[in-house]
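Note sheet for the following structure.
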There are 2 protein chains.
Amino acid sequence: MEVTLSRKEQIEKTATALFRKRGFSATSMRDLANELGIEAASIYSHIRSKEEILQRVCFRMANEFFEAIDKVDDPEATASARLQAAITAHVQVLTKNTEASAVFLYEWRHLSEPYHAEFLTLRDRYEKHFREIIKAGISIGEFKVPDEKFAVLTILSGLNWIHTWYKPDGKMNAEEIAANLATMLLNGLKQT
Amino acid sequence: MEVTLSRKEQIEKTATALFRKRGFSATSMRDLANELGIEAASIYSHIRSKEEILQRVCFRMANEFFEAIDKVDDPEATASARLQAAITAHVQVLTKNTEASAVFLYEWRHLSEPYHAEFLTLRDRYEKHFREIIKAGISIGEFKVPDEKFAVLTILSGLNWIHTWYKPDGKMNAEEIAANLATMLLNGLKQT
DNA sequence: CCTACCGATCGGTAGG
DNA sequence: CCTACCGATCGGTAGG
């Protein structure tokens, strides 16, 4: 599936790869221009600033994560089923966008205000979704956990390394990875 | 316990805090000098370069992690006991050095060669220790895991978020945190 | 999309 | 540990 990208999309994609490899601060507009085969000044015909690119990547990914878990959540299901679905959705987003995921996970701190604060609000709301599921599981005795926030952060970090490792043509596909991670991480909540 | 730091140690400690907060590339020597209350040029009486500080932090922490797991490993013990001990040791190092841990975990990619390659070699050797324990557990049927490397990376990332959250005066102390993490993450290996 | 350029800041050195 | 400074590079703009 080859898609023709607009110049703006090309810039965003190339910048994402560079931000991921070297970090936002260590990537210069001249690095980016070089990679695109144009002059640095020309980039500004398409974007307003270096940070705007970072903003677009971070908030687009935030959106992707929200949409993915909202789509699969069924509040009627058991906590285990809901958590498994959320984990699977999260892993799908990570594996479909490994570079943008890495930028989303590690470069958001270079956002200036008010974007920085807004990003943190979104991230907290996302984690809250997981906390709610775990709380529901605790209240009906399905899970046993010392602290929901603690459990959520352990689970999400246990998922978020995937971008460093995932290859589309590796021996596990996204579904298998999600299933293995869900099994490993869900079992930990069911301690007796 | 107040310790008098040498100027070099003060520089390293202050730089660690800044590298953690803003990232290595976004921290300037003038930022660091400002925080220390001296001129940027004066820093160079104590260190050779900005990168030297990063090198010292990264390799000192690598050493700390190695020493910690070597000290507690007992090859005669069960795989569960060994893994639990390794997890506890790892968490101890993380909680005792939250800022340096963050730098160790996220800023090593700004190391130049040959330090960068050496760092990756050390990190792989560290992970190998965990892989060996898991392999031993698999071979005697104590663990059931699709892929050792996969399991190790899940476990280590499930631990490595702690620096973002740990407060020495929080409601859980380092031992309780380690115990909770070990329980959550070990149960995942014992699936039937 | 380019040439030409801006002021600011970077890591680091010389010399005391 | 400071003053004085270096060449290089930064993000970004003017004007076409």
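A, B, ... follow the sequence lines: proteins, then strands. Residue 1 opens every chain. Only a predicted model underlies this, so the values are computations on that prediction, with no experimental measurement involved.
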- Here the gap from L83(A) atom CG to H129(A) atom NE2, rounded to the nearest 0.5 Å, amounts to 9.0 Å
- Message: Can you measure E52(A) atom CD to dG12(D) atom P for me and round it to whole angstrom units?
- Response: 10 Å
- Rounded to the nearest 0.5 Å, how far apart are CD1 of I155(A) and OG1 of T154(B)? 12.5 Å
- Of the residues in residues 39-47 of chain B, which ones touch DNA chain D at a heavy-atom distance under 4.0 Å? E39(B), A41(B), S42(B), S45(B), H46(B)
- Under 6.0 Å between ring centres, would you say that holds for F119(B) and F104(B)? yes
- Task: Write down the distance between CD1 (I38(B)) and C1' (dG12(C)), rounded to a whole number of angstrom.
- Result: 14 Å
- Atom CD1 of I53(B) and atom C1' of dG11(C) are separated, to the nearest Å, by 11 Å
- Message: Using a strict heavy-atom distance below 4.0 Å, which residues from residues 7-29 of chain A are in contact with DNA chain D?
- Response: T27(A), S28(A), M29(A)
- Task: May I ask you to decide whether R82(A) forms a salt bridge with D74(A), counting only side-chain N to carboxylate O separations under 4.0 Å?
- Result: no
- Message: Distance check, rounded to the nearest 0.5 Å: Y166(A) atom OH versus T95(A) atom OG1?
- Response: 5.0 Å
- Nearest-angstrom distance from the residue atom CD of E51(B) to C1' of dC10(C): 16 Å
- Any donor-acceptor pair under 3.5 Å linking the side chain of E51(A) with the backbone of S112(A)? yes
- Message: What does the 5'-to-3' dot-bracket notation of DNA chain D look like when only Watson-Crick and G-U wobble pairs under 3.5 Å count, and pairs to other strands show as |?
- Response: ||||||||||||||||
- Supply the atom-to-atom distance E118(B) CD to T121(B) OG1, rounded to the nearest 0.5 angstrom. 7.5 Å
- Message: Output the rounded distance in Å from CG (L36(A)) to P (dC2(C)).
- Response: 10 Å
- Among N34(A), L5(A), L32(A), find the one that has a side-chain contact (heavy atoms from CB on, under 4.5 Å) with T14(A). L32(A)
- Expressed in angstrom and rounded to an integer, what is the separation of R30(A) atom CZ from dA8(D) atom P? 14 Å
- Message: Are F150(A) and W161(B), when compared by the centres of their aromatic rings, separated by less than 6.0 Å?
- Response: yes
- Task: Give a yes or no on whether the ring-centroid distance for H110(A) and F19(A) is below 6.0 angstrom.
- Result: no
- Mind calculating the distance between NZ (K50(A)) and C1' (dT9(C)) to the nearest angstrom? 13 Å
- Pairwise distance CE(M29(B)) to CD1(I53(B)) - rounded to 0.5 angstrom: 4.5 Å
